[in-house]
Structure formats: C-alpha cells, structure tokens
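Order of appearance sets the numbers: ligands from 1, and atoms from 1 within every ligand.
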Amino acid sequence: MARKNQTLGEFIIENQSEFKYSSGELSRLINAIRLAAKVVNHQVNKAGLVDILGGVGDTNVQGEDQQKLDVIANEAFINTLKNREIVCGIGSEENDDFITVEGHNDDHNNKYVILMDPLDGSSNIDVNVSVGTIFSIYRRITDPGTPVTLEDFLQPGRNQVAAGYIIYGTSTMLVYTTGHGVNGFTLNPAIGTFYLSHPNMKFPEEGNIYSVNEGNYTHFPQGVKNYIKYCQEESENRPYTSRYIGSLVSDIHRNMIKGGIYMYPKSSLNAKGKLRLLYECNPMAFITEQAGGKASDGYTSILDLQPTELHERVPFFCGSKKMVEKAEAFMAESL
Ligand SMILES: O=P(O)(O)OC[C@H]1O[C@](O)(COP(=O)(O)O)[C@@H](O)[C@@H]1O
Ligand SMILES: [Mg+2]
Ligand SMILES: [Mg+2]
C-alpha cells in the first residue's frame, strides 16, 4: 500500500510481492536505476559550471549530434547496470547495437533486458530547460544461460514488466510502473533520497492542453491539421492551451498532471515521425495506459505494435483518453 513520503527503497521492497516473478531481481534493477539517476542528476545540475554543455562533435546512430550529457548519462546508466550484473542486455539510443552483459562467471543467467533513452530532450540541455531519462524493462524470451539476442529486445510493448522516466526539472522525480499503477518519487537533494510525492498518478480523462511542434504544421497529415484546428476553435472548453517544451518526458509529465495530449505525428519531413518505439514510445505508453490515458500511432495502440528494429520510429499520440480518441477520429476521417 503506497504511503505518502515513503522512500523509494521502502516502496520497492514493500511492493515486491505484487510482481509475479518477484525474486528481488527487478527490485535490484529499479534500485540500480535510482542510483544512476542520482549520478546523472548531479551532472545535469552543475552542467553550466563544468565543461559539459554542448556537443561531443560526433553523431549517434540516429544521425543526431551527440551532446556531452547524452554520453555522460549513457555511460552512467550502462556502468551502473553492468557493475550490478542484473541485466543480460542493454539497448540505448546512444549505441548502434545492443550491449550483451555476460553476468556473473559469464553465465548469461540474468533475466532482464533494459532499453533506455539516457538523456531525453537533448536540444534543451544548453538552455537550462528540463530534460529526462526514459527506461523500459522486459524479461528475456531466449533461454537464460545463452547470450541475449535482438529478439529479446524486439518485444511488443505489452510485454514490458516495468517502465519509467526520470525528470531533471525544477525538482528531480522518478516516475515508474510495474503494471500496478504509476507512482512518482521526488528527490530530496539534501539527503539524496527519493520520497513518494505523487502516489497513484492518473491522467485526467479530458484536458485542455495540446503539445505538438506547430512549426511542422504544413508538413502534417490532413487529419492532424484538422485536429489542431479543432483544438484552436472557440467552443465550450476550447481553444485549448498550446504547451510544447520539446522534451518528451516533460511534456507528458505535465499533461499527466494537468490533462492534455502530446503528438509527434508523421509528416512529409519524417515519414515515421521522430520518436523511437522501443525506448521512448513504449515506456511512455505503458506509463500512460497504467495512469488511465491512451497512446497510439494514430490508429493502433503503441503497446500492440510489433517492433522490427532497435531504433525504429513511430508516429506518437499520447495523453488524456478522450483527447487521443478525438485525434484518432480526425485521423480516421481523413484517410
Ligand atoms: O525539436 P522537435 O523536432 O520538436 O523534437 C522534440 C522531441 O525530440 C526529442 O528531443 C527526442 O529525444 P532525444 O532528445 O532523446 O533525442 C524529444 O524529447 C522531444 O519531444
Ligand atoms: Mg528522447
Ligand atoms: Mg536521448
């Protein structure tokens, strides 16, 4: 049972039995994520003081300029997870291929794979706007004792056993689910402890915030253009307010608290949109559905999509249930 101001450590232990495979491994994994989050939080908070702003002068597999904090966050999570030998594989936005973690005595016996976006909202790092980390956890489907394979990562989002994000904003929060609701923990920086501050988070069914990069408006499908016009019309609780931070984690976190819809549609610029299915859309969709919201590619639930590549992109509509259903109706109409 969630108690306000319970520490994250206490919550993990007290809720372990909820988890059908509860052998303590998943708890150790969430604890490792908690530790890496604190390491990254420390770096993010002092970014302007030490020379970790800006790019490393290299591009990642997405063709994006890698920021120094992308690399620092990536290494912090990979090292923390590897050193604790609790995963058999790691997939990251910043690594072309998945990383095999041999585990104790190279026995490949660990049961979980993790996919992550170590630093989300990279374009906001240098301008002191909130950024995040996103993670998604699966049980492997290939036999323990054998090296992990791509198959273990390309599972539908419905198979996730846990997912969450860390938001490095006005305060630092860790929000996650293991399929039993969504809980948010705030870091007390003075003592380095996460406390339960947002028990049982819920997306309001309806809201009045829409989040989309309207700079791409002319390139959007007609259905999206029609929905944006609908959001801007004078009517009962419209026009909605437009809010777009440009950090997926922060935009969805705000909309989960206030009610709203986030969209990164396909466009004539990006045939499949921009966001990555495995370590951005699947984990945010799992959180959203667990909080009573909805997430789709405009037609199909994100969690029912069958992934085919580690870094594949999908169009993303996510947020308050009635708002996503309305956007989907406009998409269907304009087919
Ligand atoms: O600048 P755009 O095209 O609107 O894209 C913003 C989106 O891209 C992202 O920054 C992509 O994530 P990364 O920063 O992890 O690459 C999202 O956080 C954000 O929602
Ligand atoms: Mg991202
Ligand atoms: Mg990123």
Colleague: Identify the two heavy atoms, one from Gly145 and one from Arg140, that lie closest to each other, and give their separation to 0.1 Å.
Modeller: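 So the minimum-distance heavy-atom pair works out to N-NH1, 4.1 Å.
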Colleague: Just give me the atom name: the N, O or S atom of Glu93 closest to the Mg ion (ligand 3).
Modeller: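 For Glu93, the N/O/S atom sitting closest to the Mg ion (ligand 3) is OE1.
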Colleague: Among the heavy atoms of Leu119, does any lie under 4.0 Å from an atom of ligand 1?
Modeller: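 The answer is yes: ligand 1 sits under 4.0 Å from a heavy atom of Leu119.
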Colleague: Relative to the heavy atoms of Leu248, which atoms of ligand 1 are at a distance of less than 4.0 Å?
Modeller: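 Counting from 1, the qualifying ligand atoms are 17 (C), 18 (O), 19 (C), 20 (O).
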Colleague: Return each pair, listed once, that meets ring-ring contact (aromatic ring centres under 6.0 Å, His included) where at least one residue sits in residues 248-284; pairs must be two or more places apart or across chains.
Modeller: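 Output for this query lists Tyr165-His253, Tyr279-His311.
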Colleague: Please state which part of Ser247 comes within less than 4.0 Å of ligand 1, counting heavy atoms only: side chain, backbone, both or neither.
Modeller: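 It is the backbone that gets close, since no side chain atom is under 4.0 Å.
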Colleague: Can you find a heavy atom in the side chain of Leu150 that is under 4.5 Å from one in the side chain of Glu309?
Modeller: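 A side-chain contact is absent here, since even the closest heavy-atom pair is not under 4.5 Å.
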Colleague: Under the salt bridge (charged side-chain N to carboxylate O under 4.0 Å, His left out) rule, what do Glu75 and Lys82 come out as? Steps first, then yes or no, please.
Modeller: CA-CA 10 Å; Glu75 285 166 3; Lys82 271 189 167 173; over 6 Å; no
Colleague: Show, in sequence, the C-alpha distance, side-chain angles and deciding distance for Glu64 and Arg276, and conclude whether the salt bridge (charged side-chain N to carboxylate O under 4.0 Å, His left out) test is met.
Modeller: CA-CA 13 Å; Glu64 292 162 350; Arg276 285 51 61 117; 3.3 Å; yes
Colleague: Could you tell me which N, O or S atom of Asp117 is nearest to the Mg ion (ligand 3)?
Modeller: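 This residue's closest N, O or S atom turns out to be OD1.
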Colleague: The Mg ion (ligand 2) is nearest to which N, O or S atom of Glu280?
Modeller: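 Among the N, O or S atoms of Glu280, the one closest to the Mg ion (ligand 2) is OE2.
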Colleague: Can you tell me which residue and heavy atom of the protein come closest to atom 6 (C) of ligand 1, and the distance to 0.1 Å?
Modeller: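 Here the closest protein heavy atom is Tyr244 OH, 3.4 Å.
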Colleague: Please report whether ligand 1 has a polar contact with Leu275, defined as an N or O pair separated by less than 3.5 Å (distance criterion only).
Modeller: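 N/O-N/O distance below 3.5 Å does not exist for this pair.
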Colleague: Using a cut-off of strictly less than 2.8 Å, determine whether Glu94 has an N/O/S atom near the Mg ion (ligand 3).
Modeller: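 No.
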Colleague: Hey, what do you get for CD (Glu328) to CG (Asp297), rounding to the nearest 0.5 Å?
Modeller: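 It comes to 8.5 Å.
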Colleague: By number and element, which atoms of ligand 1 are closer than 4.0 Å to a non-hydrogen atom of Glu280?
Modeller: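 Atoms satisfying the 4.0 Å criterion: 11 (C), 12 (O), 13 (P), 15 (O).
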Colleague: Identify the two heavy atoms, one from Val40 and one from Leu119, that lie closest to each other, and give their separation to 0.1 Å.
Modeller: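 Nearest heavy atoms, Val40 then Leu119: CG1-CD2, 4.5 Å.
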Colleague: Can you list the atoms of ligand 1 that are under 4.0 Å from a heavy atom of Asn213?
Modeller: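 By the 4.0 Å cutoff, the relevant atoms are 2 (P), 3 (O), 4 (O).
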Colleague: Going from CZ on Arg28 to CD1 on Ile12, what distance comes out if it is rounded to the nearest 0.5 angstrom?
Modeller: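 Going from CZ on Arg28 over to CD1 on Ile12, the span is 12.5 Å.
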Colleague: If we count only N and O atoms by modelled type, under 3.5 Å, do the side chains of Gln155 and Gln306 hold a donor and an acceptor together?
Modeller: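 The answer is no; no qualifying pair exists.
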Colleague: Is it possible for you to check whether Lys229 lies under 6.0 Å from the centre of the six-membered ring of Tyr217, through NZ or CZ, and within 45° of that ring's axis?
Modeller: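 The answer is yes, since Lys229 meets both limits relative to Tyr217.
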Colleague: Would you mind checking which non-hydrogen protein atom is closest to atom 3 (O) of ligand 1, with the distance to 0.1 Å?
Modeller: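 That would be Tyr264 OH, 2.6 Å.
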Colleague: May I ask whether Gly246 has any heavy atom positioned less than 4.0 angstrom from an atom of ligand 1?
Modeller: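 Gly246: in contact with ligand 1 (<4.0 Å).
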Colleague: Charged N to carboxylate O under 4.0 angstrom, Arg158 versus Glu289?
Modeller: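 Result for this pair is yes, salt bridge flagged.
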Colleague: Which residue supplies the protein heavy atom nearest to atom 8 (O) of ligand 1, what is that atom called, and how far is it?
Modeller: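 Checking every protein heavy atom, the shortest distance to atom 8 (O) of ligand 1 gives Lys274 NZ, 3.0 Å.
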Colleague: Which N/O/S atom belongs to Asp120 and is the closest one to the Mg ion (ligand 2)?
Modeller: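 Of the nitrogen, oxygen and sulfur atoms in Asp120, the Mg ion (ligand 2) lies nearest to OD1.
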Colleague: For ligand 1, note which part of Arg276 has a heavy atom under 4.0 Å away: side chain, backbone, both or neither.
Modeller: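 The part of Arg276 near ligand 1 is the side chain, not the backbone.
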Colleague: Whether Arg238 engages the ring of Tyr230 as a cation-pi pair (distance to the six-membered ring centre under 6.0 angstrom, angle to the ring normal within 45°) should be assessed.
Modeller: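 Verdict for Tyr230: a cation-pi partner in Arg238.
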Colleague: Which of the numbered atoms in ligand 1 are under 4.0 angstrom from any heavy atom belonging to Ser122?
Modeller: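 So the atoms of ligand 1 that pass are 14 (O).
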Colleague: Looking only at protein heavy atoms, which one is nearest to atom 15 (O) of ligand 1, and what is the separation?
Modeller: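 Its nearest protein heavy-atom neighbour is Asp117 OD2, 2.9 Å.
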Colleague: Hey, is the Mg ion (ligand 3) within less than 2.8 Å of some N/O/S atom on Pro118?
Modeller: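 No, outside the cut-off.
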Colleague: Of all the non-hydrogen atoms in the protein, which one sits nearest to atom 20 (O) of ligand 1, and at what distance?
Modeller: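 That would be Tyr262 OH, 2.9 Å.
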